[in-house]
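From a predicted model like this one, the values you see are computed outputs, not experimental measurements.
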Amino acid sequence: MSSLPKRVTLLGSTGSIGTQALDVIRAHPGRFQVAALSAHANAELLIQQAREFHPAVVVIGDEQKYELVKTALAGQNTDVLAGSAALTEIAGRPDTDIVLTAMVGYSGLLPTVAAIRAGKDIALANKETLVVAGQLITRLVKEYGVGLYPVDSEHSAIFQCLVGEERNPIEKIILTASGGPFRGRTAEQLATVTKAQALKHPNWDMGAKITIDSASLMNKGLEVIEAKWLFGLNDDQIDVVVHPQSIIHSLVQFQDGSLKAQLGLPDMKLPIQYALGFPERLPSSFPRFSFLDYPQLTFEQPDRATFRNLPLAFEAMRQGGNAPCVLNAANEIAVAAFLRDEIGFLEMPTLVESCLTKVSYLAEPSLDDYVQTDQETRRVAHELVGRL
């Protein structure tokens, strides 16, 4: 164990993952040091965080709030930058050991690429990076010899189960899903659900976008694609099972039929801490799980006919190329439109499916191709929102 603190750049510090990551850092003084922070628009919280953790630099994505942040931090030795290009700049800073990517959606891709090319380990909470460009990212991780540590609870569970199993091939992995707030609902019932209902997740406290994705099962679909690239799997080696209690966070099945699972109470601070502290398990004061509090753990098949986003994600994964990039961009537009009450809950997968058929397919996309695919998909999706 190094006696020096691990220097952390936190991209997306004001969101759900970002604030919980700072809770972890706060609980381990001397083990971690904040090198840089970024936020999209929450300038007030970014200022508060910077005053507490004294990073060398902060980035506010909303350039209109640059002067507000700069003035507020004028009394301390913290540089203030603004705009999306600045995110890429701080991701590769030499005074950083690990970059925690907690940004939402496609916006995490280019900063993650920059961090990898700068030789920084990645604690990946931004699943969309691997969904959009998994083949490229995994190649870069290997080329630059950096660590890629998953923060999603499901992928962290698999990662933990695989420690010590390097010589044993995976037969398959099983991602668990809570089923979200609408588990068991029919399509007729889903036709009239509101965003307020969709934002009430039964087990997890998350940001709005990921909560809607969980309700529609798109989050699980994105996790399926992420898992393929994280663990080097074939399409038929990934399964999904609904586990409403969210205690078993995922499982690995080996070629002898043995299953390993990681269990715990639903709390994102545990996988965040595991990723930041890897390969050590750091002590924590997190609540402990007791089987006596959960006498029944239940499992069921996901309803793929009603929750169409899940099979759409599997199909995009099988197509490969830029299809997952299309899936992700279309879904981001669909979720935003649903949150603005512009489309209904069941129209989200309709929009995603339409984009998958309308946007040009590329079998071997480059990084520029991914950027162009994302832009084209968003244009097509915006047009479709107006017609649904």
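In terms of heavy-atom proximity, A198 sits nearest to I212 at CB-CD1, 3.5 Å. Pairing each heavy atom of W229 with each of L130, the nearest pair is CD1-O, 3.5 Å. In terms of heavy atoms, I90 sits closest to L11 at CD1-CD2, 3.6 Å. The minimum heavy-atom distance between Y274 and S156, with the atom names listed, is CD2-OG, 4.3 Å. Scanning all heavy atoms of the two residues, the minimum distance from S216 to M348 falls at CB-CE, 4.3 Å. The two residues Q189 and G184 make their nearest non-hydrogen contact at OE1-O, 4.3 Å.
Checking each of L217, T186, L190 against T306 for a side chain to side chain contact (heavy atoms under 4.5 Å, CB included) leaves exactly one that passes, namely L190. Results of the side chain to side chain contact (heavy atoms under 4.5 Å, CB included) test with L175 over I238, L251, D152 single out I238 as the only residue that passes.
In this structure, Y370 has its ring center no closer than 6.0 Å to that of Y106.
Using a 4.0 Å cut-off between charged side-chain N and carboxylate O, R31 and E280 make a salt bridge. In summary, E223 and K220 engage in a salt bridge, as defined by a charged side-chain N under 4.0 Å from a carboxylate O. The existence of a salt bridge linking K358 and E383 is excluded, since no basic side-chain nitrogen approaches an acidic carboxylate oxygen closer than 4.0 Å.
Under the 6.0 Å distance and 45° angle rule, R304 counts as a cation-pi partner of F314.
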Working note: T9 + K120, criterion side-chain contact (heavy atoms from CB on, under 4.5 Å); need CA distance, chi angles, decisive distance, verdict.
CA-CA 10 Å; T9 286; K120 308 303 176 184; over 6 Å; no

task: Evaluate side-chain contact (heavy atoms from CB on, under 4.5 Å) for V252 paired with L162, printing each intermediate quantity in order.
output: CA-CA 8 Å; V252 180; L162 291 175; 4.0 Å; yes

**Report entry** Criterion side chain to side chain donor-acceptor pair (under 3.5 Å) on E353 and T357, from CA distance to verdict
**Finding:** CA-CA 7 Å; E353 187 172 25; T357 61; over 6 Å; no

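Expressed to the nearest 0.5 Å, how far CG of D62 lies from CG of L46 amounts to 11.5 Å. Between the CG atom in N328 and the NZ atom in K127 there is a gap of 10.0 Å [rounded to 0.5 Å]. Taking CG of N42 as the reference point, atom OG1 of T14 lies at 4.5 Å (rounded to 0.5 Å). Note that CG of L10 is 5.0 Å distant from CG of L100, once rounded to the nearest 0.5 Å. Atom OG of S284 sits about 5.5 Å away from atom CD of Q273, to the nearest 0.5 Å.
Side-chain N/O atoms of T78 and Q76 include a donor and acceptor closer than 3.5 Å. Counting only N and O atoms by type, the side chains of H249 and Q160 include no donor and acceptor under 3.5 Å apart.
With hydrogens and angles disregarded, a donor-acceptor distance shorter than 3.5 Å links the side chain of K6 to the backbone of L276. Checked by atom type and distance alone, the side chain of N126 pairs as donor or acceptor with a backbone atom of G105 at under 3.5 Å. Distance alone, capped at 3.5 Å, places no donor-acceptor pair between the N234 side chain and the D236 backbone. A donor-acceptor pair is defined here as one N or O able to donate and one able to accept, closer than 3.5 Å; no such pair exists between the side chain of N322 and the backbone of Y361. With hydrogens and angles ignored, the 3.5 Å screen pairs no side-chain donor or acceptor of E171 with any backbone N or O of G257.
Note on ring orientation: taking the six-membered ring where Trp is involved, the planes of F278 and F159 are tilted (angle from 30° to 60°). Using a 30° and 60° split on the angle between ring planes, F299 and H243 fall in the parallel class, below 30°.
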